[in-house]
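For reference, the structure is listed below as structure tokens.
Note that the structure is a prediction, hence the values are computed from the model and not measured.
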Amino acid sequence: MALLRGFIFVLFIIAFFCGVASLFGNDWASIRRSGTRVVSLALWQECRASNETIGNVQYDLCREYNLNGDEVETRVLLTRWIAVGGLAAGVMTFLLLILALREDVLDEEEKGNTCRSSCLIVFWLILQGLAMIAAMAAYTHYFMDDLKDAGYTLGWSFALGWASAGGFLLSAVFLTVGSCASGDCACGDEEE
């Protein structure tokens, strides 16, 4: 079980960092002309290609959304805060996974209720996965309604958000199956 929890921990860390990179990435949706990004939208800022080049690199002019002055689409704000909430739950999941890994190296008589800790971790992983799915669905709805017809395409930040959601849910599945297979949890085979 220790090896499986180690694998789940690594998968969780990858999913978490995909979520953070997605949340703060600057390419949720963009317009490209001749293969060059002209405009890109993110959850926190909007970037436009500048005419300034240094060497062969063209720099973007990015500005953060001013919530008082800019008309930021409600669905972008919804996406932002649901994703922030889901990733904030990652702190709890991280702590629970650390405790579970520590529990795996203890002697049998010192171990706590492994099933209870596994269930808590699965709960937090599913919560994170569902939060990311809700955030991604809100942005997908916004994209399909407003951006697709304007010539925008989805970018790498958007893809990382979906990868993050999948990673959290896959971690929950592995932990559930692993807990049942190792006999840590009853999984329907309750004694009478």
Side-chain angles (χ1 to χ4, degrees), residues 8 10-94 122-174 176:
I8 292 166
V10 170
L11 184 59
F12 164 77
I13 293 296
I14 291 169
F16 184 79
F17 281 112
C18 282
V20 169
S22 171
L23 185 62
F24 294 105
N26 67 353
D27 191 22
W28 277 72
S30 59
I31 294 178
R32 298 184 187 278
R33 292 200 178 100
S34 301
T36 303
R37 188 174 62 193
V38 178
V39 176
S40 71
L41 302 177
L43 298 182
W44 306 92
Q45 64 185 358
E46 175 183 331
C47 298
R48 297 187 180 278
S50 70
N51 294 329
E52 179 182 350
T53 58
I54 298 175
N56 292 333
V57 179
Q58 182 177 9
Y59 287 90
D60 290 340
L61 298 173
C62 298
R63 67 178 185 85
E64 292 183 14
Y65 294 128
N66 177 354
L67 297 182
N68 296 326
D70 292 339
E71 286 189 27
V72 179
E73 178 66 40
T74 304
R75 288 173 283 189
V76 172
L77 295 175
L78 181 67
T79 301
R80 179 193 301 178
W81 294 114
I82 291 174
V84 165
L87 292 174
V91 175
M92 178 60 86
T93 308
F94 177 78
V122 167
F123 168 78
W124 284 103
L125 287 169
I126 289 173
L127 181 70
Q128 285 178 263
L130 292 177
M132 289 304 289
I133 286 173
M136 301 311 297
Y139 198 86
T140 302
H141 188 265
Y142 166 58
F143 175 81
M144 295 306 274
D145 284 354
D146 298 341
L147 299 178
K148 187 175 182 185
D149 293 336
Y152 283 88
T153 57
L154 294 170
W156 62 266
S157 299
F158 180 79
L160 282 178
W162 279 110
S164 175
F168 291 137
L169 294 176
L170 199 56
S171 295
V173 168
F174 283 141
T176 302

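- Aromatic ring centres of Trp81 and Trp44 lie closer together than 6.0 Å.
- Taking OG1 of Thr93 as the reference point, atom CD1 of Ile8 lies at 12.0 Å (rounded to 0.5 Å).
- Closest heavy-atom contact between Leu23 and Leu43: CD1-CD1, 3.7 Å.
- Nearest heavy atoms, Ser157 versus Ala21: OG-O, 4.5 Å.
- Here CZ of Phe17 is found 10.5 Å from CG of Leu87. Values are rounded to the nearest 0.5 Å.
- Remark: side-chain polar atoms of Ser22 are not paired, donor with acceptor, to backbone N or O of Phe158 under 3.5 angstrom.
- One finds the CG atom of Leu77 at 10.0 Å from the OH atom of Tyr142 (value rounded to the nearest 0.5 Å).
- Atom OG1 of residue Thr79 and atom CE of residue Met136 lie 7.5 Å apart, to the nearest 0.5 angstrom.
- Using a distance-only test at 3.5 Å, with no hydrogens or angles considered, a donor-acceptor pair links the side chain of Ser171 to the main chain of Gly167.
- Side-chain atoms of Ser164 never come within 3.5 Å of backbone atoms of Leu160 as a donor-acceptor pair (strictly under, hydrogens ignored).
- The shortest side-chain heavy-atom distance between Leu130 and Phe168 does not fall under the 4.5 Å cut-off.
- Across all their heavy atoms, Gly19 and Met132 have their closest contact at CA-CE, 4.3 Å.
- Of all the heavy atoms in Gly86 and Ala131, the pair that sits closest is CA-CB, 3.6 Å.
- The two atoms that bring Ala42 and Gly25 nearest to each other are CB-O, 3.2 Å, heavy atoms only.
- Applying the side-chain hydrogen bond (donor to acceptor under 3.5 Å, both in side chains) test to every pair with at least one member in residues 132-141, sequence neighbours left out, gives these pairs: Arg75-His141, His141-Asp145.
- Taken from CG in Leu11 to CG in Leu125, the straight-line distance is 8.5 Å, to the nearest 0.5 Å.
- Here the straight-line distance linking atom CH2 of Trp162 with atom CD1 of Ile133 works out to 6.0 Å at 0.5 Å rounding.
- Taking the ring pair (Phe, Tyr, Trp, His ring centres under 6.0 Å) definition, one finds that Tyr152 meets it with nothing, sequence neighbours left out.
- Pairing each heavy atom of Ala89 with each of Gln128, the nearest pair is CB-CG, 3.8 Å.
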